[in-house]
2 protein chains.
Amino acid sequence: MPTLRDIIAEDLRTQITTGHLKPGSRLPSEPKLATHYKVSTPTIRQALALLQAEGLIEKTHGKGNFVRPPLRRITYLGGGPTLPTPGLQISVRTTKIRARGHLSVLLRVPAGSPLTEFQCLSHDGTSPHSLSRVYIPRDLTPTVIPDESTWPTTSAMPLAEVEERLCARLPTPVEAATLRINPTLAVLAITRVATDTAGRVVEAALLALPGDRAEAVFTTHHTSEGRKAEG
Amino acid sequence: MPTLRDIIAEDLRTQITTGHLKPGSRLPSEPKLATHYKVSTPTIRQALALLQAEGLIEKTHGKGNFVRPPLRRITYLGGGPTLPTPGLQISVRTTKIRARGHLSVLLRVPAGSPLTEFQCLSHDGTSPHSLSRVYIPRDLTPTVIPDESTWPTTSAMPLAEVEERLCARLPTPVEAATLRINPTLAVLAITRVATDTAGRVVEAALLALPGDRAEAVFTTHHTSEGRKAEG
DNA sequence: CAGTGGTCTAGACCACGCG
DNA sequence: GCGTGGTCTAGACCACTGT
């Protein structure tokens, strides 16, 4: 059951993928598109939101809608501590807080335990890339000082297990503003919990990646025999 | 920068989480909510879409908006062949097709190669659960016949590597209709490629999970020393 | 049938980017 | 100042669910 929005999106999509609309070029303004397709502007905007979610176009308030150059996707590599990606500007804000609610559950520490919080925002040039908050128990002082070139992590610790939970959810208002994404489009949210060999939670990280240009990749290597069950 | 929609969603959210609105109960109709909050119905609907994306409410066309009972999330376990989850009805449709375009790239076979396609739709009671298409080269005949109780997979093969790519994207019109989700809300899309010890691609699977109630979990076990780099 | 949500209309008003 | 997209309005019409 394709709706008007789907039909219009499909038409623009083929114009983009066939090269009829060149990367970087601006689309006609929304009122003009509305006139052309004989629909109202909200319907046009819904069609554009679809293309935006696919990473085909970029919207810029006050400028217009642009065909996105062949997409360089943001790739999150799972299975271990996130490593700094070359060519990325990272700003970190460090604060000292105390565990409460959801956090104390994640880190398996009593409420009120001292934590260090790293609020990280990474940019790829001018475009926001990812937003993350990393929590580390205060007594596990990171041996690596987080700065522009390294990601906060207690990577010197012997990690035993990393669990990553992913879901698609809508951004909070501040996430939408910070990542400069459409607040009606999803982010890829990742909750990562790292445990050391003693079973202690060493780090919990909450990441939000813009859904229109991010993906997460997990590679599992199997030894001689495939594992039969897990959960 | 919270908008009207965010403010209304926040108000309803606290009413739900504090138990002021009981699970299973119906919310006032959208026009009534619009009158109560002194906004138009589209604004109310945006606020409700937010709550829906959080899994707090369920919308049913012709009936109303309902507070969702404490959410039983759909959990996708990464890192290996998906196993049948107890208490799930799975319907499978098998067709014979030939590789082309994206599929031949994924499976690393020449265009035109014979494939078997399994289209799977799983239900949890009456609520759609996941939609998946699994592709297997025709010459790798599955030793397990896919039926209601097993998931199609060549699990008898010695798998060497499984790669899973996740992203958040909007559903196609058929996905939205099949999973009965809001077409403006994201699905969690997973592309899984399994390789055997000989380096052959044994299976490619395209999964779509409803974003309002699904999550994916990946657990990585590290041996004595943490791995330093990957990609 | 009446009541509900789903889609769409034709605007208004504000905020942003640029000359 | 002008053109752009972002938010919101106050409806209309259709499709679905129940009685």
Side-chain angles (χ1 to χ4, degrees), chain A residues 1-9 12 25-53 57-68 126-128 170-171 173-185 212, chain B residues 1-10 12 25-53 57-68 126-127 170-171 173-185 212:
Chain A
M1 24 190 60
T3 60
L4 258 185
R5 154 192 27 146
D6 297 310
I7 295 166
I8 295 171
L12 289 170
S25 67
R26 218 203 74 189
L27 273 62
S29 74
E30 298 182 351
K32 280 175 187 164
L33 286 171
T35 308
H36 177 254
Y37 285 107
K38 298 189 181 43
V39 295
S40 65
T41 41
T43 304
I44 282 292
R45 289 177 59 75
Q46 283 202 297
L48 293 175
L50 238 71
L51 301 178
Q52 192 190 5
I57 66 165
E58 262 173 7
K59 318 191 104 227
T60 311
H61 191 173
K63 292 181 70 178
N65 298 292
F66 298 85
V67 179
R68 173 133 57 187
T126 61
S127 108
L170 292 182
V174 298
E175 285 173 343
T178 309
L179 294 174
R180 282 194 276 137
I181 54 176
N182 186 328
T184 68
L185 294 183
D212 60 345
Chain B
M1 19 193 63
T3 61
L4 259 184
R5 158 196 28 168
D6 297 310
I7 296 165
I8 295 171
E10 175 61 28
L12 289 170
S25 67
R26 218 204 74 187
L27 274 63
S29 73
E30 298 181 352
K32 279 175 186 163
L33 286 171
T35 308
H36 177 255
Y37 285 108
K38 299 189 180 43
V39 295
S40 65
T41 42
T43 305
I44 282 293
R45 289 178 57 73
Q46 283 203 297
L48 293 175
L50 238 72
L51 301 179
Q52 192 190 7
I57 66 164
E58 262 174 7
K59 320 193 97 214
T60 311
H61 190 172
K63 292 180 70 176
N65 299 292
F66 298 85
V67 179
R68 174 131 63 185
T126 61
S127 106
L170 293 182
V174 299
E175 286 172 343
T178 309
L179 294 174
R180 282 194 275 136
I181 55 175
N182 186 328
T184 69
L185 294 182
D212 60 345

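Chain letters run A, B, ... following the sequence lines, proteins first and then strands; every chain starts at 1. In what follows, every heavy atom counts, from backbone to side chain, and hydrogens, waters and symmetry copies are set aside.
D6(A) is linked by a side chain to side chain donor-acceptor pair (under 3.5 Å) to T3(A), counting only residues two or more places apart in sequence or in another chain. Legend: residues meeting salt bridge (Lys or Arg N to Asp or Glu O under 4.0 Å) with R45(B), ordered by chain and number and at least two apart, are E30(B). Evaluation of the salt bridge (Lys or Arg N to Asp or Glu O under 4.0 Å) rule for E175(A) yields R169(A) as partners, not counting sequence neighbours. Not counting sequence neighbours, the partners of T184(B) by the side chain to side chain donor-acceptor pair (under 3.5 Å) test are N182(B). Not a single side chain to side chain donor-acceptor pair (under 3.5 Å) links Q46(B) to another residue, sequence neighbours left out.
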Per-nt protein contacts along nucleotides 2-12 of chain C (heavy atom under 4.0 Å; B base, S backbone sugar-phosphate only, - none) come out as -BBBSBSBB--
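Rounded to an integer number of Å, the gap from CD of E58(A) to C1' of dT4(D) is 16 Å.
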